[in-house]
Amino acid sequence: MVTDVTATAEWQALREHAAQLRGAHLRELFAADPHRGERLAGQAADLYVDYSKNLVTDETVRLLAALAGRVRLTERIAAMFSGAHLNATEDRAVLHTALRLPRDATLVVDGQDVVADVHAVLDRMASFAERVRSGQWQGHTGARISTVVNIGIGGSDLGPVMAYEALKAYRDAGITCRFVSNIDPTDIHDTIHDLDPASTLFVVVSKTFSTQETLANARQARHWLLEGLGGDEAAVARHFVAVSTNRQRVQDFGIDPENMFGFWDWVGGRYSLPSAVGLSVMLAIGADRFGEMLAGYHAMDEHFRTTPVERNVPALLGLLNVWYTNFLDAPTHAVLPYSQYLHRFPAYLQQLTMESNGKSVTVDGTPVTYRTGEIFWGEPGTNGQHAFYQLMHQGTGLIPADFVAFSEPHHDLGDMHDLFMSNFFAQTAALAFGRTAEEVAAEGTAAELVPHKVMPGNHPSTSIVAPRLTPATFGQLVALYEHIVFTEGAIWDINPFDQWGVELGKVMANQFAPLLTGTDVDLAAVDSSTATLIARYRRQRGRD
Ligand SMILES: O=P(O)(O)OC[C@H]1O[C@H](O)[C@H](O)[C@@H](O)[C@@H]1O
């Protein structure tokens, strides 16, 4: 293993190559190579990925692939799929890919038949979902369940809500899902106040079952349910199920372990959507569609596991992200789904990418000497075009962007989808090629306005296009990004599977809570800024 990737000849070669490429413009790169747009593209399962509008040449790709070879990316991929304990700081395997293995696959890890375990839970989920969807599972008063409220946060919320929204067109049993995550009491209040407890099912999702937000929301939900149904504790069993790795804590909370769906410590929270964490999605779309989603994930997993780096789409996109982060100093990365159904995808990706790769020490604890992680952000097109694209087109920063779209609409209303897609094609072309001063002037633009209307171009983007947003292509898309994140983490030699950085804030919130509510509190031990803020808060709450 190399200790510092920046000390390798491969890294050095990329640095020199970046210096050579700095003056190049996408306009020239395309003009010099009529087949660039066909050649710098790849197919992974049903996703067509055009990376030709990136600031790269064939040489860049070759050098990036060499860097991947140097850090033994292929071997690392194999290690992940085989169940090696890549999450070293928690001594855990990293096996979210096992969640979507077909029933007839074999994988034994640490003496345990992982495939059998996964499918046993999937079968229980399917049978439960079928009972709820058919109305066989009844609430305490005998009413049919019509609303599912998913209570979770982080990976126990962002995946399910994003997938539910993405696959809304596949809802087929009249079940509506709502999602509560924030400990801000307005969230649970506004989410449930107009619901009928008799027909509401709560799915409490927490890997650890110790997350403050989720337990506080679940307690409120329980209180609301019992109040609404006359106080009979027996109602809880008909209206609460849990998804967790921690059976004991679920039981301690008062949920019958019979109503618990498990998963395993080798599934990271932000990778957990295809586990029982996706139960609310399965309740909405059914087990068959959920299975198609898992098959989609698996198709991308197989592509990632078996394709040489030069044609391996997630690996290439991960390497491109490293190229922009470390060699071209791009500060952020936009993700722009041209699909209203994917409106929560950027939020989901923020956890996936930033919680995974926001690390500043290598796997063995050595401080890194290079930038890691990327700041991911975005909004669906075309909305973003009328908001922040200005900065992408004419601002001073370099912002690589992923454009995601689907050829077939779910609702083909007049010419709207063609108009929508023409925006998708127009934006990547405008970003890449822009408009020169000569072109602007030739349109009769007043001389003093010309500099304002020049579009510099040379703004890179990747186009990711699937035939249609289905459970299968959706699964492929999510897995694509999981593996992009893995590739980046491998190059940076960091552990994308722990998240120690979120712990301190949690500990301190618990320490501060009594200072907000107690009497005669002593703020002397607290820093002067926080002490002043807390004192003001206490006064405004009438506590002092
Ligand atoms: O599923 P839970 O155990 O409740 O955790 C929910 C979330 O909170 C934690 O603080 C982590 O940062 C996330 O990775 C996790 O997804």
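Just so you know, residue 1 is the first one in the sequence shown, and it goes up from there. Nothing here was measured: the structure is a model prediction, and the numbers come from that model. Remember, it's 1-based here, ligands and their atoms both numbered in the order they're listed.
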Measure from the ring center of [X] to the ring center of [Y] and say whether it is less than 6.0 Å.
X	Y	answer
F406	Y341	no
F474	Y297	no
F179	Y164	yes
Y271	F497	yes

Parallel, tilted or perpendicular: ring planes of H483 versus F81, cut at 30 and 60 degrees: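 Ring orientation of H483 relative to F81: tilted.
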
E355 N/O under 3.5 Å from ligand 1 N/O: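 It does: an N or O of E355 is found under 3.5 Å from an N or O of ligand 1.
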
N/O separation below 3.5 Å, V205 to ligand 1: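 The answer is no, given that V205 and ligand 1 share no N or O pair closer than 3.5 Å.
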
Six-ring centre of F261, R124 cation under 6.0 angstrom, axis tolerance 45°: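 That pair qualifies as a cation-pi contact.
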
Spacing of CD belonging to E488 relative to CG belonging to N321, to within rounding of 0.5 Å: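 CG of N321 is found 4.5 Å from CD of E488.
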
Value rounded to 0.5 Å, distance of CG in N312 from OG1 in T74: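 OG1 of T74 is found 8.0 Å from CG of N312.
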
Atoms of ligand 1, numbered as shown, that sit under 4.0 Å from any heavy atom of [X]:
X	answer
Q351	13 (C), 14 (O), 16 (O)
T211	2 (P), 3 (O), 4 (O), 5 (O)
G154	16 (O)

So which protein heavy atom does [atom] come closest to, and at what separation?
atom	value
atom 7 (C) of ligand 1	I153 O, 3.7 Å
atom 3 (O) of ligand 1	T208 OG1, 2.6 Å
atom 16 (O) of ligand 1	G155 N, 2.8 Å

Structural part of V502 in contact with ligand 1, heavy atom criterion under 4.0 angstrom: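 Within the 4.0 Å criterion, V502 contacts ligand 1 through side-chain atoms alone.
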
Close approach, E503 and ligand 1, non-hydrogen under 4.0 angstrom: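 No.
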
Heavy-atom gap K506 to ligand 1 smaller than 4.0 Å: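 Right, K506 reaches ligand 1.
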
